[in-house]
Amino acid sequence: MPVHNRDIAQTFDQLADLLEIADANPFRVRAYRNAARSLRASGRNVADMLAEGCDLSELPDIGEDLAAKITEIVETGHLTLLEEVAQEVPRGLADVVALPGIGPKRARSLHEALGITSLDDLQRAAEDGRIARVKGFGAKTQRRILDAVTRGKTRERRFRLDVAEDYAAPLLEYIRDLEGVEKAEIAGSYRRRKDTVGDLDIVAAGSDGAKGIEGFIAYDEVARVVSRGETRSTVILRSGLQVDLRIVAPESFGAALHYFTGSKAHSIACRHRANGKGLKMNEYGLFRGDKRQTANSETEIYDALGLPWIAPVLREDRGEIEAADAGALPDLVRLEDIRGDLHMHTTASDGRNSLREMAQAAQERGYEYIAITDHSRSQTVAGGLSVEDLEAQLDDIDALNNTLEGLCVLKSSEVDILKDGTLDYPDDLLAKLDLVVASVHAGLDLDEDAQTERIIRAMDNPHVGIIGHPTGRLINARPAAAVDLERLIEAALERGCFLEVNASPQRLDLDDVACRLARDAGLALSIGTDAHAVSGLDDMRFGIGQAQRGWLGPDDVLNTRGLNDLRDLLKRA
DNA sequence: GCCGTTTTCGGCCCGACTGTTTTCAGTCG
């Protein structure tokens with residue numbers, strides 16, 4: 001069983017949790033967490049790197065010691081240190097720490113005072129009223145613990161970006177209209193266009209914070225007020241989405257927006273850089289001693305750090321600060337650069353709008369071309385087209401193209417990759433298409449080698465242009481299939497075909513890390529919406545967000561090309 | 001345990017809010 005970066009990252013996070021409860025050096029704890037983050041952010045599989053003889057300590061936040069520990073995990077499948085620490089600190093305490101309001105110190109107190117080693121122990125102790133009698137705890141904390149345990153709140157719940165948008169847009173309007181609020185923006189992972197958001201961070205500027213907070217907690221959708229102060233408040237909406245509002249004076253808005261946009265790692269790196277320049281940086285601004293430097297906007301803050309403004313999508317401490325320093329920030333692809341959409345469905349399969357309606361909607365969006373990619377015949381549940389159906393559709397497209405101005409409808413299909421890597425239509429039919437998007441829809445549980453081989457075999461078919469949603473993940477619903485993306489990228493480059501960034505907010509597949517990997521390898525990606533209705537074409541912005549997070553520029557995206565260039569690129573030797 | 005605009009040792013981000021205290025530790029972002 002191959003070891004993945006995320007497995008190693010999880011081991012390091014577990015170790016950090018336990019070390020923290022054991023009251024270890026906090027900087028040592030942080031080192032493990034930083035290493036875990038670094039591994040998750042690295043598109044390159046460290047097990048493969050080791051096999052190739054690479055020095056892992058060249059990765060950020062991985063030193064000699066952690067490189068050795070990674071090697072141990074890759075070679076043996078476990079980490080001796082974790083097992084040793086688990087002797088001292090029961091692993092179940094990590095679940096206790098995951099509860100809101102319980103940190104390492106309190107978990108340790110509960111362990112020492114009441115012998116608690118698991119969530120079950122904790123629940124019993126809370127029910128018996130024993131927790132309230134422990135020093136530092138009280139009735140209120142006990143009730144909160146019981147509430148959290150019984151509601152199973154240990155797992156962090158994240159919202160898909162599109163779902164968060166639905167709640168965020170009206171709330172932002174509401175906050176902007178509040179008395180005492182001059183302006184407001186949504187910061188946090190929402191502004192960074194991460195595929196999911198844990199909560200909404202809203203930053204507002206105003207002269208009367210208390211008044212703004214008062215209006216905020218009176219919002220109709222608020223189910224529970226977690227905290228409220230003079231300048232910040234946390235609430236839970238009826239949907240379960242947590243919202244943090246922070247209100248600062250207008251002159252601090254830029255600093256606060258930067259601070260709450262994060263990511264945490266990016267903010268820390270910026271503050272570190274500020275320290276190096278004798279400056280202190282917080283959500284109110286930049287300070288030299290007690291003297292406030294002008295930093296009313298994000299641009300001024302970066303300027304004071306000696307850097308150009310860095311786009312929020314890049315703020316993950318994945319090399320953007322170094323790139324900014326070197327004047328080598330990527331020129332990011334924008335929605336306006338997109339000249340067509342190469343993945344969409346019609347009523348012929350499982351779409352809700354007709355061929356003509358999809359084409360008109362594309363024209364309204366200023367596209368030069370679209371590809372109609374209805375499902376192939378084995379997708380019976382999705383109304384997959386028989387050979388005859390598809391041939392009829394090709395005639396329809398010819399007829400439609402004769403009536404269209406400025407838009408070319410490409411003949412295409414989202415063809416199933418069958419279990420053995422062959423395609424769902426015969427080659428002579430595929431040869432009649434302008435583009436073949438090949439996707440896996442069934443058999444997502446193959447092991448990594450088999451799945452990777454299967455997709456590469458599909459790419460061996462010279463008619464294939466794009467691999468659709470390469471990992472098959474559905475956010476919050478289905479994990480990514482086991483595929484070796486590095487091998488897929490390499491195979492695509494060798495064969496002259498492409499991978500997709502599926503822009504549907506349910507998928508966002510490839511994700512940001514994979515986009516970065518492809519970009520670094522020099523493989524262009526297609527951003528396709530997989531629209532099943534006219535409105536789905538607007539999902540393009542989500543795909544753009546992921547692509548930007550993966551540092552993609554216009555040249556790294558297939559469908560920024562004009563039609564002739566696109567046709568050339570899709571031609572395989 | 002990592003790392004270097006503090007540079008190979010000695011640092012390591014910073015402030016708001018809550019609950020339990022009676023001046024602050026713990027947690028969170």
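The figures here come from the full heavy-atom set of this structure, side chains too, leaving out hydrogens, waters and symmetry mates.
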With rounding to the closest Å, how many angstrom separate the C1' atoms on B:dG26 and B:dT21? 12 Å
Give the ring-plane orientation class for A:Y219 versus A:Y174, where under 30° counts as parallel, over 60° as perpendicular and anything between as tilted. tilted
Phosphate contact (B:dC28 OP1 or OP2) by A:Q242 side-chain N/O below 4.0 Å: no
Is any N or O donor-acceptor pair between the side chain of A:N25 and the base of B:dG1 shorter than 3.5 Å? yes
Looking at every strand, decide which applies to A:F260 at a 4.0 Å heavy-atom threshold: base, sugar-phosphate, or nothing. nothing
Is there a side-chain contact between A:N34 and the phosphate of B:dC2, meaning an N or O under 4.0 Å from OP1 or OP2? no
Whether over 12 other heavy atoms sit under 6.0 Å from A:E83 CD: yes
Do the charged groups of A:R144 and A:D147 touch, with an N to O distance under 4.0 Å? no
Which listed nucleotide (B:dC2, B:dC13, B:dG26) is nearest to the side chain of A:I268? B:dC13
Are A:E320 and A:R315 within salt-bridge range, i.e. N to O under 4.0 Å? no
A:R144 CZ to B:dC28 C1': how many Å, rounded? 11 Å
Mind checking the P distance from B:dC3 to B:dT8? Whole angstroms is fine. 16 Å
First encountered from the 5' end of DNA chain B, between A:A31 and A:K105: A:A31
Closer than 4.0 angstrom, basic N to acidic O: yes or no for A:R507 and A:D195? no
What nucleotide among B:dC13, B:dG15, B:dG26 has an atom nearest to a side-chain atom of A:R271? B:dC13
Please confirm whether the shortest side-chain N or O distance from A:N275 to OP1 or OP2 of B:dC14 is below 4.0 Å. yes
Taking atom C1' in both B:dT20 and B:dA25, compute the distance separating them and give it to the nearest angstrom. 9 Å
To the nearest angstrom, the NZ-P distance between A:K140 and B:dC17 comes to 16 Å
Where the side chain of A:D199 is concerned, which of B:dT27, B:dG1, B:dG29 is the nearest nucleotide? B:dG29
Does B:dC17 have its OP1 or OP2 closer than 4.0 Å to a side-chain nitrogen or oxygen of A:T231? yes
In whole angstroms, the gap separating P of B:dC13 from NE2 of A:H266 amounts to 15 Å
For B:dG29, take OP1 and OP2 only and decide whether either is under 4.0 Å from a side-chain N or O of A:K264. no
Pairwise C1' distance for B:dC13 and B:dT27, with rounding to whole Å: 16 Å
Atom pair distance, as rounded to whole Å: CZ in A:R30 and P in B:dC28: 17 Å
Of the options B:dG15, B:dT27, B:dT20, whose atoms approach the side-chain atoms of A:E283 most closely? B:dG15
A:I247 CD1 to B:dA16 C1', straight-line distance once rounded to whole Å: 14 Å
Using the ring of A:Y32 (Phe, Tyr or Trp, six-membered ring only), decide whether A:R28 places NZ or CZ under 6.0 Å from its centre and within 45 degrees of its axis. no
Quick one, A:E179 and A:E214 - any side-chain contact, counting heavy atoms below 4.5 Å? no
Of the nucleotides B:dT27, B:dC17, B:dG29, which one has an atom closest to the side chain of A:D244? B:dG29
Classify the side chain of A:Y284 and the base of B:dG15 as holding, or not holding, a donor-acceptor pair under 3.5 Å. no
Check whether any side-chain nitrogen or oxygen of A:K69 sits under 4.0 Å from OP1 or OP2 of B:dG1, and answer yes or no. yes
Rounded off to whole Å, could you give me the CD-to-C1' distance for the A:E64 and B:dC3 pair? 13 Å
Looking at every strand, decide which applies to A:P60 at a 4.0 Å heavy-atom threshold: base, sugar-phosphate, or nothing. sugar-phosphate
When rounded to the nearest Å, what value does the distance between C1' atoms of B:dC17 and B:dC9 take? 37 Å
Salt-bridge criterion met for A:K69 and A:E72 (N-O under 4.0 Å): no
Remember a base hit wins even if backbone is also touched, and classify A:A256 as base, sugar-phosphate or nothing at under 4.0 Å, heavy atoms. nothing
Please state how far atom CD1 in A:I21 lies from atom P in B:dT27, giving the value in whole angstrom units. 10 Å
Would you tell me if any nitrogen or oxygen in the side chain of A:S233 comes within less than 4.0 Å of OP1 or OP2 on B:dC17? no
Nearest-nucleotide pick for A:N282, side chain only, options being B:dT27, B:dT18, B:dG15: B:dG15
Tell me whether the OP1 or OP2 atom of B:dT18 has a side-chain N or O from A:R228 closer than 4.0 Å. no
Complement of B:dG11, any strand, by Watson-Crick or G-U distances under 3.5 angstrom: B:dC2
Winner on side-chain proximity to A:D61, out of B:dT27, B:dG15, B:dC3, is B:dC3
May I ask you to verify if any side-chain N or O of A:R28 is less than 4.0 angstrom from the OP1 or OP2 atom of B:dG1? yes
Sugar-phosphate, base or nothing in reach of A:K280, heavy atoms under 4.0 Å: sugar-phosphate
Given atom CZ of A:R143 and atom C1' of B:dG19, what is their separation to the nearest angstrom? 12 Å
Pairwise P distance for B:dA16 and B:dG11, with rounding to whole Å: 26 Å
DNA chain B: A:M281 or A:R232, which has the more 5' nearest nucleotide? A:M281
